[in-house]
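First comes the structure, then the notes that go with it.
Computed from a predicted structure; not experimentally measured. Chain letters run A, B, ... following the sequence lines, proteins first and then strands; every chain starts at 1.
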Protein chains: 2
Amino acid sequence: MPANQKITNPPADRREQIRQLAAEMFFERGYEATTMRELAAAIDIKTASLYYFFPNKEEILFELIESVVRQLVLGAKHLVAREQTPEQRLAGVVVNHVVLHAMRPKESTLGDSELRSLTKQHLRTNVRHRDDYERVVVGVLEDGRAAGRFSLIDPKLTAYALIAHSSHVGTWYRANGRLSLEQVADAYVALALRMVAADSLPDDDVIRLVRDAQAFHEAFTE
Amino acid sequence: MPANQKITNPPADRREQIRQLAAEMFFERGYEATTMRELAAAIDIKTASLYYFFPNKEEILFELIESVVRQLVLGAKHLVAREQTPEQRLAGVVVNHVVLHAMRPKESTLGDSELRSLTKQHLRTNVRHRDDYERVVVGVLEDGRAAGRFSLIDPKLTAYALIAHSSHVGTWYRANGRLSLEQVADAYVALALRMVAADSLPDDDVIRLVRDAQAFHEAFTE
DNA sequence: GTCTATAACTAGATAGAC
DNA sequence: GTCTATCTAGTTATAGAC
């Protein structure tokens, strides 16, 4: 009676289990450096079994990367659709972005560092979705300017900067770190408002802005 | 008389040639996905010849990554050592960072995306150097605050954001793109000044600030 | 310095039994 | 669904001739 009894660990949702572990390992060692064997071992099945759920390794990566962008675009579009002041919209977009990256740092980061490993087809699809997102962010900035509330240095460059540094939160935020998720979100929103020169607001207003955005984000996410 | 005559392509500095091509290929396909065979082929020598110049693949990566951080720290420390206003220092640091990333996008980006592939030893070394750099940036921000010129949301978070989005310039800046390197540098400095709430300055002053920093950067770099 | 030849190994993926 | 067994190909790196 060797190792053939599984403590099983109900295969409840194997597919989901694979996705999660893959996210972790791709994030930590990199996609190319992670082998299907290691992934299978971590999950305590044999390599061949992985191929029952996914046709190949790249497909796992693609799913992980896409799920993040999808959520990002969805959240941002919902936020933008609401009747709001430009400041509220900007705060909403930043909170959406920061919270997602803080709470799903592994998947989020893959979309920034492992795009190269996607097939041409998959890459094109993903770039299209990322461009959608970028357009939403640029739109928020330009609408704010049109409304006379923002003074922009350069809409596109500002959007790039906003997205780049808000994504970066995934690499350093820790749930038990110096700053709580609320504080981090506050800080990034305040930073964003300064970048569009809209921070004549007192701090209290900034915080109220963030709370609103968070409430909406939570309501929307669940 | 087959392929044994080289058009040679003086091996003038083979080592440097390898570094450059490696930077390109690591950047484009990723470190793990680039093989020594392909690298050798691109340079038109045999795989074994690479090992005359580098003991292994990882050493090439390490050299590329280190050279960027070294330059970054060196530039920043020189800038900070000058007698300057906080605004001038901040502008100097941002210009140093942006110009380096715009002009050496491949090597620069490796330091953000391929750290995972370094050996433990090399990683430790590099992290130490990155921390040095971070401290310089945080120092500039805190000195500015101590001098009563900056109002900071959070020094460390602001430094992270500054570094993250200024590094990102390497991924989109093109020499023949919409914005010139000067314009890009202007924009990032202006953004940085807003982030520390020091932008009561008229635009002309911002531009003068950047020009000064660029002049120093050029003088220092050559 | 650059080559040929090859060692020693590991990768992703598939066939087909249970 | 999960397994065993295996194919095919590609990987880094080295030994030693020229």
Side-chain angles (χ1 to χ4, degrees), chain A residues 1-23 25-26 28-64 110 114 116-122, chain B residues 1-22 25-26 28-64 114 116-122:
Chain A
M1 47 227 39
N4 226 351
Q5 331 111 294
K6 282 280 151 59
I7 310 294
T8 328
N9 197 264
D13 197 352
R14 260 288 131 84
R15 208 188 139 84
E16 189 48 33
Q17 194 186 9
I18 295 173
R19 279 183 48 146
Q20 275 182 15
L21 242 72
M25 298 178 75
F26 291 171
E28 253 142 45
R29 347 186 161 184
Y31 169 77
E32 294 283 353
T34 303
T35 70
M36 293 296 266
R37 276 185 237 277
E38 289 170 326
L39 177 54
I43 222 169
D44 200 33
I45 56 175
K46 297 297 169 184
T47 311
S49 304
L50 292 173
Y51 290 86
Y52 177 79
F53 298 97
F54 293 89
N56 56 52
K57 188 183 171 190
E58 190 264 353
E59 197 73 35
I60 309 180
L61 178 66
F62 180 61
E63 260 198 45
L64 291 171
L110 295 178
E114 302 287 7
R116 285 179 300 226
S117 297
L118 295 177
T119 61
K120 260 195 187 109
Q121 279 278 350
H122 281 164
Chain B
M1 48 231 32
N4 225 352
Q5 331 110 297
K6 282 280 152 58
I7 310 291
T8 327
N9 195 270
D13 197 351
R14 260 288 131 83
R15 207 189 140 83
E16 188 49 32
Q17 194 187 8
I18 295 172
R19 279 183 49 144
Q20 274 181 16
L21 243 72
M25 298 178 75
F26 291 171
E28 254 143 45
R29 346 186 162 184
Y31 169 77
E32 293 282 355
T34 303
T35 70
M36 293 296 265
R37 275 189 240 279
E38 289 171 325
L39 178 54
I43 222 168
D44 200 32
I45 57 175
K46 298 297 171 186
T47 311
S49 303
L50 293 172
Y51 290 88
Y52 177 80
F53 298 97
F54 294 89
N56 55 52
K57 189 183 170 189
E58 190 264 354
E59 196 73 35
I60 309 180
L61 179 66
F62 180 61
E63 259 197 47
L64 291 172
E114 301 287 6
R116 285 179 300 226
S117 297
L118 295 177
T119 61
K120 260 196 186 103
Q121 278 278 350
H122 282 164

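- As rounded to whole Å, 16 Å separates atom P of D/dT14 from atom OH of B/Tyr52.
- Residues A/Ser117 and A/Glu32 share a closest heavy-atom pair of OG-OE2, 3.5 Å.
- Nucleic acid contact class of B/Thr35 (heavy atoms, under 4.0 Å, all strands): sugar-phosphate only.
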(request) Mind running side chain to side chain contact (heavy atoms under 4.5 Å, CB included) on A/Arg14 and A/Ile45 for me, showing each step along the way? (result) CA-CA 10 Å; A/Arg14 260 288 131 84; A/Ile45 56 175; 3.3 Å; yes

Using nucleotides 15-17 of chain D, report all nitrogen or oxygen pairs with the protein that are shorter than 3.5 Å.
none

(request) Start with the C-alpha gap between A/Gln17 and A/Gln20, add the side-chain angles, then the distance that decides, and say whether side chain to side chain contact (heavy atoms under 4.5 Å, CB included) holds. (result) CA-CA 5 Å; A/Gln17 194 186 9; A/Gln20 275 182 15; 6.0 Å; no

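- What separates OH of B/Tyr51 from P of C/dA7 is a distance of 17 Å, to the nearest Å.
- Between B/Tyr31 and A/Arg37, the residue anchored nearer the 5' end of DNA chain D, judged by the nucleotide with its closest heavy atom, is A/Arg37.
- Pairs of residues two or more places apart, or lying in two chains, that qualify as ring pair (Phe, Tyr, Trp, His ring centres under 6.0 Å) and include a residue from residues 44-63 of chain B are B/Phe62-B/His122.
- At the heavy-atom level, A/Lys46 lies under 4.0 Å from base atoms of the strands shown.
- Separating the CD atom of A/Glu38 from the C1' atom of C/dG12 is a distance of 13 Å, rounded to the nearest angstrom.
- The side chain of A/Phe53 lies closest to D/dG1, out of D/dG1, C/dA13, C/dC3.
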(request) Kindly determine whether A/Leu50 and A/Ile60 satisfy side chain to side chain contact (heavy atoms under 4.5 Å, CB included), including the steps that lead there. (result) CA-CA 10 Å; A/Leu50 292 173; A/Ile60 309 180; 5.7 Å; no

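- With rounding to whole Å, A/Leu50 atom CG is found 14 Å from C/dT14 atom C1'.
- Rounded to the nearest 0.5 Å, atoms CD (B/Glu28) and CZ (A/Arg116) are 9.5 Å apart.
- If you take NZ of B/Lys57 and C1' of D/dA13, they are 12 Å apart, rounded to a whole angstrom.
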